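Computed from a predicted model, the values in this text were never measured in an experiment.
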Amino acid sequence: MTNTFTSMMSKSEESRITAFAQSVKGSNCVVEVGCWVGESSKAILQGFGGDLHLIDKFVWTSDHNDKYPGILDVGGDFSQITRENLSGFERSGRIHIHESSAEEFDTAAFGNASIGMLLLDGPKDARLVQQLVLKFIPHMASSGRILIKHAASTRLTDLLDVMVRLIEAEVLTSAREFPAEGSDTLLAFAPGQAGSVSSELLSSTWLDIFDAQLQPLLERCATGQLLPVIWLLRGGYREAALQRAGEIPYAPSLLKAWVGLQDFLANKEGIDLSTLIEVELLLAA
């Protein structure tokens, strides 16, 4: 089974995960939530030789079966497949597989070790991501980093909204080492303190935080400038979204990306098609 799987990460995401893993200090551990068969775990292990904790339900789903039919029955336990896929990276006693939902996981499994790097890989639900960040923050090393995949995805701006609200609550601070490039949607953060997180922010506050803390991380990201426009449209801030779109310098790649998003934003997000076309015209100007 080894080496039969293909990484779902961009090259930028893979190299950045390895670079962050190389930066983990001392006896701190690394934790990955939603490791699936371990492709992103390999990126961690390229740069880290300490204790790696992999947390997943390890239940083979219909989505998994669509990607790799015939490997396992739907509902089957794929933890052994993950072990086999990581066999070339195994270090005695260093990879710890925990068959558990992240919400129910007992952090006592880390012993006295602090978390030097937390990678939230699988979760795409915004409420769950917020819950998990708050769950693991007390166990983070002060020098640790929290990496969240899909956080800068144009199709998951509810995740981006969580990031902004966590920054506002001083739970997270953007980490600017190893910036994203191309189609990379992974964002990295330094840990703060667990605290009360607002359920909603004024749009002006949200944009100020995005521009100060997140925009610098996304300067080389292909669609980073579109994220606040989409967030504003989803929140009903039409005029602010149009103003923001009008301030974006013309770039053929951005215009192409917006055209490719329009069906999704109209059908899945319920955004008025005429407004989407107005944004397109502004991006084309």
Checklist entry - Is it true that L132 and F58 fall in one hydrophobic cluster, defined by side-chain heavy atoms closer than 4.5 Å? => result no

Checklist entry - Is L283 reachable from L232 through a run of hydrophobic residues whose side-chain heavy atoms are each under 4.5 Å from the next? => result no

Next on the checklist: Measuring only between side-chain heavy atoms, which start at C-beta, is V33 closer than 4.5 Å to L118?
Outcome noted: yes

Next on the checklist: Before you tell me yes or no, could you show the steps for E280 and L255 under side-chain contact (heavy atoms from CB on, under 4.5 Å), namely the whole-Å CA-CA distance, both residues' side-chain angles and the distance that decides it to 0.1 Å?
Outcome noted: CA-CA 7 Å; E280 180 183 336; L255 180 59; 3.8 Å; yes

Item to check | Any donor-acceptor N/O pair, E14 side chain to M9 backbone, under 3.5 Å | outcome: no

Next on the checklist: Looking at E103, I'd like to know if its CD atom is crowded, meaning that more than 12 non-hydrogen atoms belonging to other residues, nucleotides or ligands lie closer than 6.0 Å.
Outcome noted: yes

Checklist entry - Do you know which two heavy atoms are closest between G192 and I137, and how far apart they sit? => result O-CG2, 3.7 Å

Checklist entry - Does any non-hydrogen side-chain atom of L276 lie less than 4.5 Å from one of L233? => result yes

Next on the checklist: Which heavy atom of A113 sits nearest to which heavy atom of S27, and what is that distance?
Outcome noted: CB-O, 4.1 Å

Item to check | Chi angles and distances behind the side chain to side chain donor-acceptor pair (under 3.5 Å) call for W36, D121 | outcome: CA-CA 9 Å; W36 193 43; D121 188 352; over 6 Å; no

Next on the checklist: I'd like to know if R165 and E168 make a salt bridge, using a cut-off of under 4.0 Å between side-chain N and carboxylate O.
Outcome noted: no

Checklist entry - Applying the 4.5 Å side-chain criterion to the ILVMFWY set and letting contacts propagate, would I115 and F20 be lumped into a single cluster? => result no

Next on the checklist: For residues I17 and L218: do they belong to one hydrophobic cluster (side chain heavy atoms under 4.5 Å, members Ile, Leu, Val, Met, Phe, Trp, Tyr)?
Outcome noted: no

Item to check | Donor-acceptor pair, side chain of S15 and main chain of S12, under 3.5 angstrom | outcome: yes

Checklist entry - When you measure from the side chain of S114 to the backbone N and O of N28, does any donor-acceptor pair fall under 3.5 Å? => result no

Checklist entry - Shared ILVMFWY cluster between L119 and I148, side chains joined below 4.5 angstrom? => result no

Checklist entry - Under 6.0 Å from the CG atom of N267, do we count more than 12 heavy atoms belonging to anything else shown? => result yes

Checklist entry - Are any side-chain N or O atoms of N85 and backbone N or O atoms of V37, one a donor and one an acceptor, separated by less than 3.5 Å? => result yes

Next on the checklist: With a 3.5 Å distance limit and no angle check, can you tell me whether D56 reaches the backbone of C35 through a side-chain donor-acceptor pair?
Outcome noted: yes

Checklist entry - Donor-acceptor pair, E13 side chain versus T185 backbone, under 3.5 Å? => result yes

Checklist outcome for this item: When every non-hydrogen atom of K135 is compared with those of F105, the smallest separation belongs to NZ-O, 2.8 Å

Item to check | Under-4.0 Å salt bridge between D63 and K67 | outcome: no

Checklist outcome for this item: Correct closest heavy-atom pair for M163 and A151 would be CG-CB, 4.1 Å

Next on the checklist: Looking at every non-hydrogen atom in both residues, tell me the closest pair between A241 and V229 and how far apart they are.
Outcome noted: CB-O, 3.9 Å

Checklist entry - Any side-chain heavy-atom pair from S153 and L159 closer than 4.5 angstrom? => result no

Next on the checklist: Treating T157 as the side-chain partner and L160 as the backbone partner, does any N or O pair qualify as donor plus acceptor under 3.5 Å?
Outcome noted: no

Checklist entry - Step by step, would you call S40 with E32 a side chain to side chain donor-acceptor pair (under 3.5 Å)? => result CA-CA 9 Å; S40 48; E32 180 180 3; 2.4 Å; yes

Item to check | Any donor-acceptor N/O pair, R16 side chain to L186 backbone, under 3.5 Å | outcome: yes

